[in-house]
Amino acid sequence: MFLGTVLAWIFVAPKLRRFAIKAGDSITVPQFLTNRFLEKSPILRIACAVVFLVGYCLYSASSIVACGDVFISIIPSAEKLKVLVEVIAAIIIVVYTLLGGFNAVCWTDFFQGMLMLVALMFVPIIAAIILGVGGPVAGAVVSTPNNYYNLFACGDTTWVSIATILTGLGWGLGYFGMPHIIVRYMSIKSEKEMKKSQIVGSCWTAIILVMATVGALVAHKFLGDTVEKESLVFVDMIKQIFEYGALALVGGLFLSAIIAASMSTADSQLLAASSAFSSDIYKTVIKKNASDKEMLWVGRIAVAVVLVIALFIALLDVSSIMQLVSASWAIFGAAFGPAIILSLYWKRFNYKGACSGIISGFVVSILWLVLFNFEYYGFTSVIANTNLYEIIPGFIVGLAVSIIVSLLTKEPSKEVVELFESVANCVEE
């Protein structure tokens with residue numbers, strides 16, 4: 001994920017921002033891809049809308065599930081209230097997203113992100129100090145598997161499988177096609193701000209990922225076999241450390257960081273879904289002369305609809321947070337990643353290639369999940385379980401189809417080529 005973040009900031013963010021400005025000052029992924037080819041056909045926008053609907057419903061559902069899981073982990077006796085908590089969380093997220101729009105999302109993401117950072121920085125360190133003084137928590141039996149601290153090992157096996165290595169690296173591909181991340185690249189104010197953003201974004205990700213990993217390693221020693229649910233390890237550690245007296249207030253603040261992480265993800269996704277539907281579907285396909293006020297209300301309705309569907313998925317209670325995030329991450333990365341990269345770096349890339357690549361990447365990632373990876377999600381795979389993350393075959397097929405279709409179909413028009421070259425020769429502001 002760190003490699004994916006850095007590569008996206010270096011090779012996608014600056015070029016995409018310039019291209020988005022040149023391509024009709026685009027503000028969404030479907031809008032950019034359509035304007036990139038100077039195309040009026042709605043096929044690509046409709047394909048993107050379908051991907052958005054499926055991906056963001058799953059992604060937003062994971063945020064709602066996280067809020068419910070944290071609540072019942074703090075008050076186990078209130079498990080019957082989990083549904084109510086998830087409904088309340090969904091309402092809070094949709095209200096401040098609707099009222100504040102992009103500014104609200106950016107500022108809440110900033111403050112929620114700082115809260116996440118503080119929690120991830122301090123909780124593992126405090127737990128490590130306690131370990132040095134008094135050992136693990138009462139009742140914890142720490143059993144460390146062979147090669148547990150070996151980066152290239154899995155249990156008693158010296159090397160992990162190729163599928164496991166590719167799956168780990170595959171998570172980095174998601175950054176090239178994640179719409180709610182890509183729109184942030186487009187919205188950066190200037191080239192000067194871009195350079196700052198590259199440094200801050202890469203350093204932020206490095207700190208978060210390192211401390212999350214350190215937190216997991218410390219938690220293994222600190223909690224031992226007292227952990228009941230892997231996804232709530234951080235919650236359990238906070239509860240053990242900040243259990244008594246005034247420390248409980250600090251623990252409550254740190255627990256709210258987990259809620260913050262969920263909410264800051266959900267609001268970005270909802271805003272991206274809203275913009276895509278109102279700008280790329282409603283105004284382009286349904287009502288081309290829609291007023292700004294009408295577009296605002298269409299966007300708000302889209303936010304509410306996506307969140308209602310996400311809430312329904314969350315209430316089904318059939319998947320964990322990680323499983324929902326994993327599925328949606330693969331869908332977006334496989335569908336949009338190849339199209340974004342090729343649109344920025346390949347002059348011969350055309351509209352039909354983009355449409356075909358998005359559709360094929362999306363379809364293959366879902367088929368691979370159902371046919372080969374469903375055991376990971378608690379179901380039985382139709383054929384077999386490969387342990388290979390579905391973003392890998394989806395991304396490869398999407399990239400291959402995009403290239404093949406572009407080569408087999410008509411070359412881009414002179415105007416499209418000139419637009420591409422104007423961005424390639426663009427001087428920094």
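Note that the numbering runs from 1 along the sequence shown for the chain.
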4.5 Å side-chain heavy-atom contact, Y351 and R36: no
I need the I241 CD1 to I130 CD1 distance, nearest 0.5 Å. 4.5 Å
Sequence neighbours left out, what passes ring pair (Phe, Tyr, Trp, His ring centres under 6.0 Å) with F395? Give chain and number order. none
Determine yes or no for a side-chain-to-main-chain donor-acceptor pair under 3.5 angstrom, with S202 supplying the side chain and I199 the backbone. no
Between A310 and A61, what is the shortest heavy-atom contact and its length? O-CB, 3.4 Å
State whether the number of non-hydrogen atoms from other residues, nucleotides or ligands found under 6.0 Å of K352 atom NZ is greater than 12. no
So CG of L399 and CD1 of I404: to nearest 0.5 Å the spacing works out to 9.5 Å
For I10, check side chain to side chain contact (heavy atoms under 4.5 Å, CB included) against everything at least two apart and list the hits. V6
Among F32, F176, F19, find the one that has a side-chain contact (heavy atoms from CB on, under 4.5 Å) with I340. F32
Worked check of side-chain contact (heavy atoms from CB on, under 4.5 Å) between F2 and V210: CA-CA 10 Å; F2 177 69; V210 168; over 6 Å; no
For I396, check side chain to side chain contact (heavy atoms under 4.5 Å, CB included) against everything at least two apart and list the hits. I392
Pairwise distance CD1(I207) to CG(L120) - rounded to 0.5 angstrom: 10.5 Å
So with a 6.0 Å cut-off around OH of Y345, is the heavy-atom count from everything else above 12? yes
Of the non-hydrogen atoms in P30 and L44, which two are nearest, and what is the gap between them? O-CD2, 3.9 Å
With no hydrogens and no angle check, is any side-chain donor or acceptor of R17 less than 3.5 Å from a backbone partner on M194? no
Q198 versus P14, closest heavy-atom pair with distance: NE2-CG, 3.3 Å
The criterion is side-chain hydrogen bond (donor to acceptor under 3.5 Å, both in side chains); which residues satisfy it with T167, sequence neighbours excluded? none
Would you check if I403 and W346 make a side-chain contact, meaning some heavy-atom pair closer than 4.5 Å? yes
Y56 side chain reached by F332 side chain, heavy atoms, under 4.5 Å: yes
Nearest heavy-atom neighbours spanning G333 and I391: CA-CD1, 4.0 Å
Determine, step by step, whether Y59 and L324 satisfy the side-chain contact (heavy atoms from CB on, under 4.5 Å) criterion, reporting the C-alpha distance in whole Å, the side-chain angles of both residues, the deciding distance to 0.1 Å, and the verdict. CA-CA 6 Å; Y59 221 141; L324 290 167; over 6 Å; no
Other residues, nucleotides, ligands: >12 heavy atoms within 6.0 Å of M121 CE: no
Which atom of C48 lies closest to which atom of I358, heavy atoms considered: SG-CD1, 4.1 Å
Under the side-chain hydrogen bond (donor to acceptor under 3.5 Å, both in side chains) test, residues paired with S406 that sit two or more places apart: N350
Say whether, by atom type as modelled, one donor and one acceptor occur between the side chain of S356 and the main chain of G353 under 3.5 angstrom. no
From I309 CD1 over to L53 CG, what is the distance, rounded to the nearest 0.5 angstrom? 5.0 Å
Interatomic distance, F122 atom CZ to L117 atom CG [nearest 0.5 angstrom]: 8.5 Å
Working note: M178 + F336, criterion side-chain contact (heavy atoms from CB on, under 4.5 Å); need CA distance, chi angles, decisive distance, verdict. CA-CA 7 Å; M178 207 57 50; F336 295 125; over 6 Å; no
Quick check: do F11 and I341 have side-chain heavy atoms less than 4.5 Å from each other? no
What pairs with F37 under ring pair (Phe, Tyr, Trp, His ring centres under 6.0 Å), at least two apart in sequence or on another chain? F349
Atom OH in Y175, atom CG in L3: separation rounded to 0.5 Å? 10.5 Å
Going through the distances and angles, do L253 and V118 end up as a side-chain contact (heavy atoms from CB on, under 4.5 Å)? CA-CA 10 Å; L253 184 64; V118 170; over 6 Å; no
Determine, step by step, whether W9 and Y185 satisfy the ring-ring contact (aromatic ring centres under 6.0 Å, His included) criterion, reporting the C-alpha distance in whole Å, the side-chain angles of both residues, the deciding distance to 0.1 Å, and the verdict. CA-CA 8 Å; W9 272 115; Y185 299 156; 4.8 Å; yes
Check M186 against S26 and note the closest heavy-atom contact, atom names and distance. SD-O, 3.9 Å
Side chain S60, main chain C57, donor-acceptor under 3.5 Å: no
I'd like to know if the side chain of W329 and the backbone of W171 have a donor-acceptor N/O pair within less than 3.5 Å. yes
